[in-house]
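Reckoned from all heavy atoms, side chains included, excluding hydrogens, waters and symmetry mates. Model, not experiment: these values are computed from the prediction.
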Amino acid sequence: MLVPDPKRVRQLLTRYATLRIAQAERYSPVAARELEDITYTLCVMTGTAGIREAVARADALLTGERSAADIRTTGADEESGRSLVG
């Protein structure tokens with residue numbers, strides 16, 4: 001399974017939150033369109049059908065970012081525990 005770049009996910013979540021706040025304060029058609037685009041992108045990146053699930057998965061991805069980095073560093077295969085580097 002492909003894992004989205006955590007940095008990009010973090011950027012999208014930040015922009016999503018900023019736009020949601022801006023839209024709550026004052027509606028803007030331009031911001032509404034960007035919010036739709038970001039919502040779609042987050043759903044695609046996380047493999048979800050809705051923004052609530054996308055945000056939850058993105059949060060889980062960012063929370064698990066450290067453990068994924070540890071796996072890459074050690075070169076261990078998650079399923080078998082064997083080293084991928086030989």
Check: What residues, two or more places apart in sequence or in another chain, satisfy side-chain contact (heavy atoms from CB on, under 4.5 Å) together with Thr41?
Finding: Leu12, Met45
Note to self: Working to the nearest 0.5 angstrom, can you tell me the gap between Leu35 CG and Tyr16 OH?
What the structure shows: 6.0 Å
Item checked: Val3, Leu61, Thr14 screened by side-chain contact (heavy atoms from CB on, under 4.5 Å) with Val9, the one that passes -> Leu61
Next item on the list: Would you kindly confirm whether Leu62 and Val44 end up in one hydrophobic cluster when ILVMFWY residues are joined by side chain heavy atoms under 4.5 Å apart?
Entry: no
Next item on the list: Determine, step by step, whether Arg15 and Gln11 satisfy the side chain to side chain contact (heavy atoms under 4.5 Å, CB included) criterion, reporting the C-alpha distance in whole Å, the side-chain angles of both residues, the deciding distance to 0.1 Å, and the verdict.
Entry: CA-CA 6 Å; Arg15 187 67 184 144; Gln11 290 170 341; over 6 Å; no
Notebook entry, point to check: Which value, rounded to the nearest 0.5 Å, describes the distance between Thr18 atom OG1 and Glu34 atom CD?
Noted result: 9.5 Å
Check: With a cut-off of 6.0 Å (strictly less than), are more than 12 heavy atoms of other residues, nucleotides or ligands near CZ of Arg57?
Finding: yes
Next item on the list: Only counting residues at least two apart or in another chain, list the ones meeting side-chain contact (heavy atoms from CB on, under 4.5 Å) with Ala31.
Entry: Leu19, Gln23, Ser28
Note to self: Under the rule for side-chain contact (heavy atoms from CB on, under 4.5 Å), what residues qualify as partners of Asp59, not counting sequence neighbours?
What the structure shows: Leu13, Val55
Item checked: Heavy-atom pair of closest approach, residues Cys43 and Ala49 -> SG-C, 4.2 Å
